[in-house]
A.B. asks: 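Have a look at the structure that comes next, please.
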Amino acid sequence: MEKHLVQLSKTMAYVLRHDPQSHGLTLDAEGWVSLKDLLAALRQQRSYWATLKEADLLAVLEQSEKQRFEVRNGKIRAYYGHSVPTKVEKQPVTPPEILYHGTTPQAANLIKGRGLSPMKRQYVHLSADEETAMVVARRRTNHPIILKVHARKAEANGVRFYLGNDMVWLAEPIPSDYIQFG
Ligand code: HQG
């Protein structure tokens with residue numbers, strides 16, 4: 001991604017996942033805000049963003065290696081990662097048989113005892129394949145642990161799953177009975 005867009009992408013994630021109020025914005029029930037309102041808020045935040053255009057926000061989506069934001073009908077939202085107090089509404093979707101979760105050795109030990117918890121976010125985050133889980137884990141450790149989640153089995157026993165983007169799945173807390181540790 002072009003260097004000047006990195007800070008913009010981080011701010012968009014902060015606003016749309018964690019703290020829309022800091023920019024005078026409110027997410028609707030499904031996490032959307034109007035593109036125009038977001039643009040107006042960002043223009044006020046930094047002098048070098050004073051002439052920011054919708055095309056700059058769209059460039060962030062196009063140039064990012066991760067699919068973090070969705071734009072539709074003049075609105076924008078984060079696909080995943082939310083921590084705002086009101087849970088973003090999602091439709092449950094039947095997951096594939098297996099999903100993956102990349103984490104640290106220390107967290108994996110805790111997950112063995114307590115299962116997967118959303119921690120500071122609204123949902124547990126899972127990956128559609130092992131490579132993606134590896135990228136997630138490497139944000140935090142040089143010794144990635146990849147957990148195999150028996151998602152279909154968990155769903156059959158009442159755990160709800162949701163779509164983030166194509167590679168990221170979301171879920172309610174997952175008991176360790178459905179998690180394979182190595
Ligand atoms: C761990 C990034 C102790 C969990 C990524 C993880 C992803 C537990 C950490 C997305 C636990 C939470 C989400 C338990 C889970 N006890 N630790 N019971 N249950 N954990 O960042 O999955 O670049 O909230 O293993 O690529 O790492 O921001 O979740 O290590 O897609 O777009 O608690 O965020 O995307 O960390 O990452 P996070 P995550 P972006």
Side-chain angles (χ1 to χ4, degrees), residues 1-3 5-20 22-23 27 31-33 38 57-71 76-88 90 93 95-96 98-151 154-155 157-182:
M1 183 168 2
E2 283 172 44
K3 217 170 164 188
L5 294 179
V6 173
Q7 185 56 46
L8 180 57
S9 175
K10 288 186 177 171
T11 303
M12 286 162 64
Y14 175 74
V15 173
L16 296 173
R17 292 173 175 179
H18 309 302
D19 197 1
S22 64
H23 288 64
L27 307 187
W32 296 104
V33 301
L38 175 61
L57 304 187
L58 300 181
V60 167
L61 274 68
E62 279 157 22
Q63 292 186 30
S64 174
E65 77 288 2
K66 286 185 182 179
Q67 219 184 344
R68 294 191 172 94
F69 310 105
E70 179 178 16
V71 167
I76 184 167
R77 68 175 172 183
Y79 274 115
Y80 59 88
H82 298 89
S83 73
V84 287
T86 307
K87 219 165 161 181
V88 168
K90 297 254 170 202
V93 175
I98 303 288
L99 288 168
Y100 301 88
H101 181 82
T103 190
T104 64
Q106 296 86 339
N109 266 330
L110 293 167
I111 293 165
K112 245 179 219 163
R114 310 182 199 151
L116 270 167
S117 138
M119 306 301 282
K120 292 181 180 156
R121 304 194 199 259
Q122 295 181 354
Y123 298 99
V124 169
H125 285 57
L126 300 165
S127 304
D129 61 36
E130 285 189 80
E131 293 71 25
T132 306
M134 194 61 88
V135 173
V136 174
R138 287 206 184 279
R139 288 153 56 237
R140 301 192 191 285
T141 179
N142 292 323
H143 304 282
I145 304 286
I146 306 301
L147 309 179
K148 223 172 167 175
V149 175
H150 291 267
E155 192 215 21
N157 287 283
V159 178
R160 283 194 295 268
F161 289 79
Y162 314 88
L163 280 172
N165 62 26
D166 292 343
M167 300 313 295
V168 179
W169 280 78
L170 306 173
E172 303 299 342
I174 302 175
S176 54
D177 321 19
Y178 307 112
I179 303 171
Q180 202 172 313
F181 298 85

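Whatever order the structure lists ligands and atoms in, that order sets their numbers, starting from 1.
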A.B. asks: Within the 4.0 Å heavy-atom shell around L110, which atoms of ligand 1 are there?
C.D. replies: 3 (C), 16 (N)

A.B. asks: Given that the side chain starts at C-beta and the backbone is N, CA, C, O, which of these parts of R139 lies under 4.0 Å from ligand 1, counting heavy atoms, or is it both or neither?
C.D. replies: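 Near ligand 1, R139 shows its side chain, while the N, CA, C and O stay back.
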
A.B. asks: May I ask you to check if R17 and Y80 form a cation-pi contact, with NZ or CZ under 6.0 angstrom from the six-membered ring centre and within 45° of the axis?
C.D. replies: yes

A.B. asks: Nearest heavy atom to atom 21 (O) of ligand 1 wins, so pick from R140, M119, K66.
C.D. replies: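 Checking each option, the heavy atom nearest atom 21 (O) of ligand 1 is found in R140.
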
A.B. asks: More than 12 heavy atoms of other residues, nucleotides or ligands under 6.0 Å from NZ of K10: is that the case?
C.D. replies: no

A.B. asks: Between H101 and H125, is there a donor-acceptor pair closer than 3.5 Å when you use the side chain of the first and the backbone of the second?
C.D. replies: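 Flag set: sc H101 to bb H125 pair under 3.5 Å.
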
A.B. asks: For R17, counting its heavy atoms only, list the atoms of ligand 1 lying under 4.0 Å from any of them.
C.D. replies: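 So the atoms of ligand 1 that pass are 28 (O), 32 (O), 40 (P).
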
A.B. asks: If you count the atoms of ligand 1 from 1 in the order shown, which ones are under 4.0 Å from a heavy atom of T103?
C.D. replies: 4 (C), 25 (O), 30 (O)

A.B. asks: Is it true that a side-chain atom of Q122 and a backbone atom of V88 form a donor plus acceptor pair closer than 3.5 Å?
C.D. replies: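 Confirmed, Q122 side chain pairs with V88 backbone.
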
A.B. asks: Do the charged groups of K90 and E172 touch, with an N to O distance under 4.0 Å?
C.D. replies: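 Salt bridge absent between K90 and E172.
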
A.B. asks: Considering only the protein, which heavy-atom contact is closest to atom 19 (N) of ligand 1, and what is its distance?
C.D. replies: S117 N, 3.0 Å

A.B. asks: Got the closest protein heavy atom to atom 16 (N) of ligand 1, with its distance?
C.D. replies: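 The answer is R114 NH1, 3.3 Å.
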
A.B. asks: Determine whether the side chain, the backbone, both or neither of Q122 has a heavy atom under 4.0 Å from any heavy atom of ligand 1.
C.D. replies: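 Contact part for Q122 vs ligand 1: neither.
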
A.B. asks: Are there more than 12 heavy atoms of other residues, nucleotides or ligands under 6.0 Å from atom CZ of R121?
C.D. replies: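 More than 12 heavy atoms, drawn from other residues, nucleotides or ligands, come within 6.0 Å of this atom.
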
A.B. asks: Taking the non-hydrogen atoms of V136, is any one of them nearer than 4.0 angstrom to ligand 1?
C.D. replies: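 Yes, that is the case, since the closest heavy atom of the residue is under 4.0 Å from the ligand.
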
A.B. asks: Among all protein heavy atoms in this structure, tell me which lies nearest to atom 31 (O) of ligand 1, with the distance rounded to 0.1 Å.
C.D. replies: Y80 CE1, 3.8 Å

A.B. asks: Which of the numbered atoms in ligand 1 are under 4.0 angstrom from any heavy atom belonging to H101?
C.D. replies: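 Ligand 1 atoms under the 4.0 Å threshold to H101: 4 (C), 22 (O), 25 (O).
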
A.B. asks: Flag the pair Y100 / L147 as yes when at least one side-chain heavy-atom distance between them is below 4.5 Å, and no otherwise.
C.D. replies: no

A.B. asks: Mind checking whether G115 has an N or O less than 3.5 Å away from an N or O of ligand 1?
C.D. replies: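 Yes; the residue has a nitrogen or oxygen that sits under 3.5 Å from a nitrogen or oxygen of the ligand.
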
A.B. asks: Taking 4.0 angstrom as the limit and counting only heavy atoms of H125, give me the atoms of ligand 1 inside it, by number and element.
C.D. replies: 10 (C), 13 (C), 22 (O)

A.B. asks: State whether the side chain of E155 and the backbone N or O of F161 hold a donor-acceptor pair below 3.5 Å, judged by distance alone.
C.D. replies: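 Here the side-chain-to-backbone pair does not exist.
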
A.B. asks: Would you mind telling me which of R139, M134, R140 makes a side-chain contact (heavy atoms from CB on, under 4.5 Å) with V136?
C.D. replies: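 One option only clears the test, and that one is R139.
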
A.B. asks: Is any side-chain heavy atom of V168 closer than 4.5 Å to one of Y79?
C.D. replies: no

A.B. asks: In the protein, what heavy atom is nearest to atom 24 (O) of ligand 1, and what distance, to one decimal place, separates them?
C.D. replies: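 The closest one turns out to be R121 NE, 2.7 Å.
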
A.B. asks: Using heavy atoms and a 4.0 Å limit, tell me yes or no: is G102 in contact with ligand 1?
C.D. replies: no

